[in-house]
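Remarks on the structure that follows.
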Amino acid sequence: MSHTDPSGAGPVPIDVPEAARWLAGRVVRTPVLRAPAIDRLAGARVLLKAENLQAGGSYKMRGGLYAVSRLAAAGHGGVVAQSTGNHAVAVALAARRFELAATVVLPVDAAATKVARARAAGARVVLAGTTVEERLAVARRVRDETGYPIVDAYDHPDVIAGQGSASLELIEEAERAGTPLDALVVPVGGGGGAAGACLAAAGRPIEVYGVEPHGCDSLARSLAAGRPVPVTPAPTIADGLRPSCVGELPFTVLRTRLRGVVRVDDDEIAEAFRLLLLELKMLAEPSGAAGLAGALRLAAAGTLRSPAAERLPAAVAGARRRTVGVVLTGGNVEAELVARLAAAARLEEEVAVA
């Protein structure tokens, strides 16, 4: 499937099925999980794609590996990347696999876990500013100095295709289980994962929703304005969801294919984090847990209700319950934050028992 390059260079192929075929056996085929308590809260079947168990700790490994593999095949000796964390880690790991040099640019306030993972993979790590514009300026300077191409976290067609393979696996697994998805919920940073999800769902009656933290809602504002709109990201525990602007290439996909954007606050993200930890024993980073927070917000608004099921007797309606897929995009979380959120979870349990 092709989309217009925002630079005006012409059609850009974004082939999610092809990326999925190439990645099969090269990345972890992560499990799809369910928890009865989460289903009850949502009033729907909630299928959770555990990309927090992916190599590198996030689904960014899919796009990073696919894009870097194609650059290695084209003869490039190195790559450059910038991100808030997980994409940089993925590109560093992919570069090591293909024996390429890698320089990754991260914000000065990047999570220490993600900085350490990128360095451990052998990449040169440069810390620059707090905005995507500052990181891009440094990445472009490194590109000009080295001649190595930039593997963009948001505006690279191979990255979008690779990220979309996680959603495609979830969609296909749900179909094989006889519970095809009615909706698919994906956290949004720069929009590449959500764009990949939309392309993975193409031709199927699946409503795709993006999730953004309040104050980090460039996509929601961009859809309202009809063009990419930058924001000054607000503080949030979901550090991976605070790019200042949705990517232009993802936006060309999302503006016509995305069903809507759900805004969530840190309390909702923290509650989703705790649900995953307590009900599934899954450690997801807040950016990944935001997908579940968004699904629960949709459920509370009645968006996930099936009109057909509501007209049926209760016993039959249960069988017609809607099925919602959620991509848990990553699990690279600081130990201090885990301790703080887990302590709150223990306190809630003690209060409930008392």
Side-chain angles (χ1 to χ4, degrees), residues 51 58-60 82-88 105-111 113-114 128-136 152-155 159-160 163 185-198 208-251 253-255 258-273 284-298 301 326-334 337 341:
E51 284 292 298
S58 85
Y59 82 147
K60 295 286 188 177
Q82 68 77 25
S83 82
T84 55
N86 282 338
H87 175 71
V105 185
L106 294 167
V108 295
D109 56 352
T113 300
K114 296 174 182 179
T130 58
T131 69
V132 67
E133 291 79 15
E134 290 170 305
R135 296 196 303 274
L136 273 172
D152 195 275
Y154 321 128
D155 279 322
V159 170
I160 293 173
Q163 317 308 34
V185 184
V186 185
V188 174
C198 287
V208 182
Y209 294 88
V211 181
E212 293 182 306
H214 284 291
C216 302
D217 53 352
S218 173
L219 176 56
R221 298 187 194 195
S222 299
L223 291 172
R227 57 178 173 77
V229 174
V231 299
T232 300
T236 175
I237 59 173
D239 66 285
L241 305 183
R242 54 184 179 85
S244 57
C245 192
V246 64
E248 292 190 21
L249 185 55
F251 182 71
V253 177
L254 296 168
R255 66 184 176 189
L258 195 71
R259 180 67 179 84
V261 178
V262 188
R263 294 177 177 93
V264 293
D265 60 32
D266 275 6
D267 287 344
E268 290 171 298
I269 295 170
E271 179 58 26
F273 172 93
E285 62 186 276
S287 299
L292 176 56
L296 293 175
R297 168 61 74 92
L298 287 168
V326 176
V327 182
L328 303 178
T329 49
N332 293 324
V333 58
E334 297 291 281
L337 182 57
L341 295 177

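No hydrogens, no waters, no symmetry mates; every other heavy atom, side chains included, goes into these values.
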| Side chains of P228 and C245: closer than 4.5 Å at any heavy-atom pair? | yes
| field | Distance, nearest 0.5 Å, that separates OG of S218 from CZ of R242 | value | 14.5 Å
| said: Checking the side chain of D266 only, and the main-chain atoms of I237 only, is there a donor and an acceptor separated by less than 3.5 Å? | reply: yes
| query | So how far is it from E271 CD to L292 CG, rounded to the nearest 0.5 Å? | reply | 9.0 Å
| task | For residues L337 and F273, determine if any side-chain heavy atom of one lies less than 4.5 Å from a side-chain heavy atom of the other. | result | no
| Is the backbone of V229 close enough, under 3.5 Å, to the side chain of S222 for a donor and an acceptor to pair up by distance? | yes
| task | Supply the atom-to-atom distance D155 CG to E248 CD, rounded to the nearest 0.5 angstrom. | result | 6.0 Å
| query | Rounded to the nearest 0.5 Å, how far apart are NE2 of H87 and CD of Q82? | reply | 7.5 Å
| query | When you measure from the side chain of E268 to the backbone N and O of G294, does any donor-acceptor pair fall under 3.5 Å? | reply | no
| query | Taking Q163 for the side chain and I160 for the main chain, is one N or O donor matched with an acceptor at less than 3.5 Å? | reply | no
| Given side chains that start at C-beta, do those of L223 and F251 come closer than 4.5 Å, heavy atoms only? | yes
| Option passing side-chain contact (heavy atoms from CB on, under 4.5 Å) with E133 (candidates L136, T131, T130) | T131
| Does any N or O in the side chain of S83 come within less than 3.5 Å of the main-chain N or O of A88, such that one atom is a donor and the other an acceptor? | yes
| message | Less than 4.5 Å apart, side chain to side chain, heavy atoms only: is that true for V105 and E134? | response | no
| query | If we only count heavy atoms from C-beta on, is the L241 to V188 side-chain gap below 4.5 Å? | reply | no
| Could you give the distance from NE2 (H214) to CG (D267), rounded to the nearest 0.5 Å? | 10.0 Å
| note | Scanning both residues in full, the closest heavy-atom pair of V261 with L258 reads CG2-CD2, 3.7 Å
| Counting only N and O atoms by type, is there a donor-acceptor contact under 3.5 Å from the side chain of S244 to the main-chain atoms of V231? | no
| message | Would you compute the distance between atom CG of D239 and atom NZ of K114 and round it to the nearest 0.5 angstrom? | response | 3.5 Å
